[in-house]
Amino acid sequence: MWWSFSVSLAPILAEAGKTKLTSMYKEYKNLNLPEIEEEVLRFWEAHRVFEQSVEQRSESDRFVFYEGPPSANGKPGIHHVMARTIKDLVCRFQTMKGKRVARKGGWDTHGLPVELSVEKELGITKEDIGKKISVAEYNQRCRETVMRYKAEWDELTRRMGYWVDLEHPYITYENDYIESVWWLLRQIYDKGLMYKGYTIQPYSPAAGTGLSSHELNMPGCYREVKDTTVVAMFKVRRDERSDWLFDDDSEDVRILAWTTTPWTLPSNTALTVGPDIQYVKVKTTNPYTGEPVSVILAQDLVDRWFGQKHSPEILSMSAPFPGSALEGIRYEQLLDFGNPIEPLDGATDAFRVITGDFVTTEDGTGIVHTAPSFGADDRKAAKQHGIGTLTLVDAQGKFKDTVGEFSGRYVKNYTDDPNYQDVDVDIAVRLKKEGKAFNVAKYVHNYPHCWRTDKPVLYYPLDSWFIKTSAVRDRMVELNKTIKWKPASTGEGRFGKWLENIQDWNLSRSRYWGIPLPIWRTEDGTEEKCIGSVAELREEIEKANAALGLDQQVPDDLHRPWIDEVVLVSSDGKPMRRETDLIDVWFDSGSMPAAQWHYPFENQEKFRQNFPADFIAEGVDQTRGWFYTLHAIATMVFDSVAYKSVVSNGLVLDKEGRKMSKRLGNAVDPFDTIARFGADATRWYMISASQPWDNLKFDLEALEENSRRFFGRLFNTYSFFALYANIDGFKYEQDEVPLERRTEIDRWIISLLNTLVQQVDADMADYEMTAATRRIQTFVDEHLSNWYVRLSRRRFWRGEMTEDKLAAYQTLYTCLVTVSKLMAPVAPFFADWLYRNLNGVTGREPHASVHLADFPAVDEAAIDRALEQRMDYAQRISSLVLSLRKRQKIRVRQPLQKVLLPVLDDSFRAQVEGVKDLILAEVNVKEIEYVTDTSGVIKKKAKPNFKTLGRRLGKHMKQAAQIIGNLSQEEINRIEREGRFELKIDDQTWELTLDDLDIVTEDIPGWLVATDGLITVALDVTITDELRAEGYARDLVNRIQNLRKSRDYNVTDRIAIRLERHPEVEKAVQQFGDYIRTETLADRLELVDHLPEGETIELADGISVRIEVERVAEKV
RNA sequence: AGUCCCGUAGCUCAGCUGGUUAGAGCGCUACACUGAUAAUGUAGAGGUCGGCGGUUCAAGUCCGCCCGGGACUACCA
């Protein structure tokens, strides 16, 4: 390209802490973000920019951030780029605002996914652990596996520009970490918030293990199944309590209860009714035996079971009565196999109607068959009412051998027996035969399955340790209200409402690779110890060694199996063994505020400085995961929030809006994306495309487009600056041109820039990063590139270094440097590249990197709203004029005489006057003529101001709008003169002022006009001979410049021009010869009659002429 | 089943505490500019603001119900 200098690219000279200047702004042919980023990365690493950015800030002014630990057991995906971009940009922003933001990394190392991948690799199941492979070996494999993809994670971290300290991360499997977790558990234990309970939990008989809610919620676990359902009839015993139900001695009264799990019917011990639900007794006949029978069910559900095609008929129906009336009524056991009632909290009563709030009339009969061993609600209700239980199914999922003909039969086909007979069906058949079935049907519903065995889960009573989170519910709710949630709805809704009916936290996991529950018990459970530190464990071990004559030591590794071997001793000398459960891994990560510092055993000061966090961020899926466990533990142990603000980002979906998954093959590879488009473009796209808490439809094409638009334009703007600044040797060495001596457009862009700084600062502080990026983008695209640079181009390449030219350089430089700082949190690479390219030449700031600089401060004095409005007028007026030219097909190079601009008030006129020159230059028109209404050519129209009038007029608004819209010219003129207007509707009168009306010009009769809101523009399209000649002159200049360019002449070369004579061209040369010569740097411009050697050029209106251009002297 | 988010032009998204002509970018079409040119500008077409009902003088915006997409949670007999 002829005007560009070839510049040898100086190597990076900036050193840590100080800047060595380069002499030229670097120029580049094309924007290559990935290349820039690699270079910037090398720079950051070589000069430890991250470390410096943290260390240079005061210890006493911190912004605390917690890193949610990822598991390196799986590969990172594009959604991790999303979450980490948010974390990173907030931390970088706060750093630039002067805060010290330490970012300690962490690794989540325990849990099911790790265990499973090991089992898969070894080809074993959970049952094999301790048999085919020792627990020690198994855990060793887990420990090795857990960091499998650490290299990928580290590379992603590095390459995406996520600044986090990975040299000193916390790792959840380390003894120090475990010890802190134990300490936390001990605090909770000491507050009486831990208990062991025999509760109903999801259980997989096929796998022989309880399942966590996590496991139950793995994709595909809830499946549609078709089950046999039974409405069973429970025969009421007649006694004092139930007597009122019977009409006569022979009446057979039965209570109806529906179940989708008939195999639980032998274990029934109660029936639960809703105390406030209305029930009725219906006389009918048994559909299977034909015997007369009376059945009790909810009134609302009568229609469901009666009156249909094949359903029994209603012979008579009682008046409704509330469920509370049924309470205490006894019934005969449905299927009696002579098993004793097992005590539940000591109670062994059974076969009685009880009440429960959970009963609804949504389905079934409004009466719940209650088997306390197989349902959590059932168990709760039974306990409340002193009912015992029957557990007639064993842990393998088959009936015990005391259940008559059903003994030994699996309740579901857990063994893949090809001849499996559905026991539900057989139970139904027996009930039908015995006249105890009211209805038997197939029913399709969702039921959870064990994701590993594909078999239905069973709810089964299991021993577990719980944290009584329900006891601190109110405090958690209260503290949550002080947390700033982004978006707020997640905090109030998903999280808040969930807290309000929080369940106790089931801590137990019967697993191997995790933090062992530090509780030891005597065999009879009468004494237990919760260990809160290694020192305490050592003491207890020594005590036990002495008392029991053992030779134990604190294990080097606090995991199983070593910790299981430790035996402690009770106060009366009995051995105590550890409860074999591990704790829920979510407790691990929720412990990190303390455990990352090995608090309270070390770093007490550090912990105090870093608790609670100012900010955390993760995906919404962590709402009930990490966000919850942090909150719960902090509430229980420290009576504090764990974080003051939290951003929960949405999912990253594919461009069709589907969830990304390996299975669908629509997962986007983060490494690939970054390598192709750059980390900055990826980050910028993710943040600017949609609010982080909305789901993002990730589309590579959109990313590319966004990158081209924003980074491309910013790059072009920089390139433009660098090109001319190098020619002029501009290094910002001269004094600052005072603002008041700069031109309108300079002061305008600086005003906008300061407004931008103010807004972006506020947005970023409020975690509104999408708004911030969009504002920056608008500034760069629309204002800086498309208006400021475009209109200021001439100032940069024309003439010597005048004050105006200097002001232009300074202004553009300031804009670029400031933008680099504003964008630095989101696009750290390009921002630093831009900053260093600029500051590396001028040395105006002492920082080697933009990330060591301060976030820009607003110069409020530079903000000039009137000027911003003025320029907005200029843009709109220009746009209107251009659209008029367009309509008339008059090229912009053709000058026109004047623009007519109706002005309705003096301030508008004054405003336009201030930007008149810009408008005229932009639209190539000679003058603006202001038309006032005194000239009589303007047609005015009045519109109501709905905002001010609506409130006052209320329902008369419609009529008012019509009256105002129909006001005549004269009336409008009068209103403007008097400043008031009496509006009469019906009998009422309102006194309106000019504020209540918008008066606009819509038309100038006889002229070509265009309107945009309140601005109307008319264009004089008469082309005089002189204007035409000037148009051709401009065409000529343009064609000659093109020739210079295509011939690779230097910008400063002088030329000689010979033109073939042509009547129009001759006029142009005669009148505008000087202009042509000046513009094209021509020493001579001659007209000749024949120019056979010349090139042919096309001017407007189909004129073509021959021309000869040659260089007269070369200048370098 | 509950809770929450989303549903505005072919695509991606704006639209503040309700105010009358619903915006932008891309894409498409046409054109201009040509000393930022693998850049830039202008114009045009394109919308039942998911649907129905309500509140209001006025609803994309507030309320209710429904439909569709998504997430999380769950002890649905």
Side-chain angles (χ1 to χ4, degrees), chain A residues 1-3 29-30 199-202 213 216-217 229 257-261 264 272 358-360 362-365 367-371 375-380 445-446 448 459 487 489-490 492-498 503 619-621 623-625 650-651 653 655 657-659 688-691 693-695 697 699 701-702 705-706 709 712-713 716-717 719-721 723-724 770-771 774 777-778 781-782 785-786 789-790 793-794 796-798 879 882-883 885-887 889 891-893 943-951 953-961 1013 1038 1041-1042 1044-1045 1051:
Chain A
M1 284 169 251
W2 68 292
W3 63 92
K29 255 204 149 119
N30 290 311
T199 62
I200 306 301
Q201 292 166 38
S213 59
L216 216 52
N217 277 290
T229 66
W258 181 61
T259 181
T260 55
T261 50
T264 61
T272 308
F358 61 92
V359 181
T360 68
E362 306 253 309
D363 45 27
T365 62
I367 297 155
V368 177
H369 142 61
T370 303
D377 273 340
D378 303 39
R379 194 171 194 86
K380 204 172 116 201
H445 63 149
N446 278 316
Y459 289 91
S489 60
T490 299
E492 288 158 18
R494 184 184 290 203
F495 194 64
K497 293 217 170 117
W498 189 62
Q503 306 287 311
V620 275
D621 51 329
T623 305
R624 284 151 186 190
L651 299 180
L653 307 170
K655 67 181 197 178
R658 290 170 311 186
K659 202 173 173 176
S688 64
S690 70
Q691 303 257 63
W693 31 89
D694 287 340
N695 291 342
K697 287 179 195 155
D699 181 359
E701 277 178 46
E705 157 58 30
N706 176 272
R709 184 166 177 76
R713 245 165 244 194
N716 275 331
T717 306
S719 302
F720 174 86
F721 170 83
L723 168 62
Y724 293 108
T770 304
R774 285 177 178 171
Q777 198 161 320
T778 302
D781 291 353
E782 282 177 30
S785 169
N786 291 354
V789 172
R790 201 159 55 79
R793 265 162 22 211
R794 281 190 145 240
F796 289 90
W797 54 261
R798 210 171 161 207
S879 171
L882 289 170
S883 78
R885 294 190 85 110
K886 170 84 197 159
R887 237 190 279 169
K889 297 192 195 305
R891 68 193 193 282
V892 181
R893 236 184 274 116
K943 287 179 181 174
N945 181 343
F946 285 91
K947 218 163 192 167
T948 62
L949 287 176
R951 187 156 310 192
L953 301 188
K955 61 181 162 205
H956 301 288
M957 193 61 224
K958 256 181 195 147
Q959 276 177 293
N1038 167 247
Q1041 299 289 31
N1042 286 350
R1044 289 184 61 125
K1045 195 167 153 188
V1051 214

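Labels below follow one simple rule: chain letters A, B, ... track the order of the sequence lines, proteins then strands, and each chain is numbered from 1. As a basis for the values below, the full set of heavy atoms in this structure was taken, side chains included, without hydrogen atoms, waters or symmetry mates.
- Across rC63(B) and rA24(B), the matching P atoms stand 28 Å from one another, rounded to whole Å.
- Side-chain N/O atoms of R713(A) include one lying less than 4.0 angstrom from OP1 or OP2 on rU40(B).
- Between L949(A) and H956(A), it is L949(A) whose nearest contact on RNA chain B lies nearer the 5' terminus.
- For the P atoms, the distance from rG46(B) to rA22(B) is 13 Å, rounded to whole Å.
- In this structure, R794(A) reaches neither bases nor backbone, as no heavy-atom distance under 4.0 Å exists between it and the strands shown.
- Under the 4.5 Å side-chain criterion, counting only non-hydrogen atoms from C-beta, N786(A) is in contact with R713(A).
- Comparing rA77(B) with rC13(B), their P atoms sit 39 Å apart, to the nearest whole Å.
- Set against rA36(B), rU40(B), rC13(B), the side chain of R774(A) has rC13(B) as its closest nucleotide.
- Each of D378(A) and W693(A) has a nearest nucleotide on RNA chain B; the 5'-most of these lies closest to W693(A).
- You'll find a donor-acceptor pair under 3.5 Å spanning the side chain of S785(A) and the base of rA36(B), going by distance alone.
- Atoms CG (N786(A)) and P (rA39(B)) sit 13 Å apart, rounded to a whole Å.
- For the OP1/OP2 pair of rU40(B) and a distance below 4.0 Å, the side-chain nitrogens and oxygens of R790(A) include no atom meeting the criterion.
- Taking atom C1' in both rA32(B) and rA71(B), one finds a spacing of 49 Å when rounded to whole Å.
- Here F721(A) contributes atom CZ and T717(A) contributes atom OG1; the two are 11.5 Å apart, rounded to the nearest 0.5 Å.
- Shortest non-hydrogen contact noted between T365(A) and W258(A) is OG1-N, 4.0 Å.
- Taking atom CZ of R709(A) as the reference point, atom P of rC11(B) lies 20 Å away to the nearest angstrom.
- Within the 4.0 angstrom heavy-atom criterion, base atoms lie near G950(A).
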### Task
Go ahead and write out RNA chain B as dot-bracket, 5' to 3': ( ) for pairs within the strand, [ ] for ones crossing earlier pairs, | when the partner sits on another strand, dots for unpaired; Watson-Crick or G-U wobble, both distances under 3.5 Å.
(((((((..((((.....[...)))).(((((.......))))).....(((((..]....))))))))))))....
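- In terms of heavy atoms, M957(A) sits closest to P944(A) at CE-CB, 4.1 Å.
- The CG atom of D781(A) sits 18 Å away from the P atom of rA36(B) (whole-angstrom rounding).
- Closest to the side chain of R793(A), from the set rA36(B), rG41(B), rA77(B), is rA36(B).
- Look at the P atom in both rG53(B) and rA59(B): the space between them is 14 Å, to the nearest Å.
- For P487(A) against W693(A), the heavy-atom pair with the smallest separation is CD-CB, 3.3 Å.
- One atom, CG of N1038(A), and another, P of rG35(B), lie 7 Å apart when rounded to the nearest Å.
- Below 30°, between 30° and 60°, or above 60°: for Y724(A) and F796(A) the angle between ring planes is between 30° and 60°, a tilted geometry.
- rC13(B) atom P lies 14 Å from atom CD of Q777(A), rounded to whole Å.
- A straight line from CZ of F796(A) to P of rA39(B) spans 21 Å, rounded to a whole angstrom.
- With P as the reference atom, rC67(B) and rG23(B) are 33 Å apart, rounded to whole Å.
- Among all heavy-atom pairs drawn from S785(A) and D781(A), the shortest one is CB-O, 3.6 Å.
- If you check every strand for non-hydrogen atoms under 4.0 Å, S719(A) touches nothing.
- Separation of the C1' atoms belonging to rG54(B) and rG18(B) is 15 Å when rounded to the nearest angstrom.
- Between Y459(A) and the phosphate of rA77(B), there is no side-chain N or O to OP1/OP2 separation shorter than 4.0 Å.
- For H369(A), counting side-chain heavy atoms from C-beta on, the closest listed nucleotide (rG25(B), rA36(B), rA77(B)) is rA77(B).
- A donor-acceptor contact closer than 3.5 angstrom links the side chains of T370(A) and T272(A).
- We find that CG of N706(A) is positioned 19 Å from P of rC11(B), with the value rounded to whole Å.
- Scanning all heavy atoms of the two residues, the minimum distance from T261(A) to T264(A) falls at O-OG1, 2.7 Å.
- At rA77(B), one or more side-chain N or O atoms of T260(A) fall inside 4.0 Å of OP1 or OP2 (strictly under the cut-off).
- Each of rA39(B), rG25(B), rA77(B) was ranked by its minimum atom distance to the side chain of N716(A); first place goes to rA39(B).
- If you measure from atom CZ of F495(A) to atom C1' of rG2(B), you get 17 Å, rounded to the nearest angstrom.
- Side chain of M957(A), nearest nucleotide from rG25(B), rC57(B), rU40(B): rC57(B).
- Inter-residue side-chain proximity for Q777(A) and S688(A) is flagged as met; some heavy-atom pair is nearer than 4.5 Å.
- If you take atom C1' in rC4(B) and the same atom in rA74(B), they sit 15 Å apart, rounded to whole Å.
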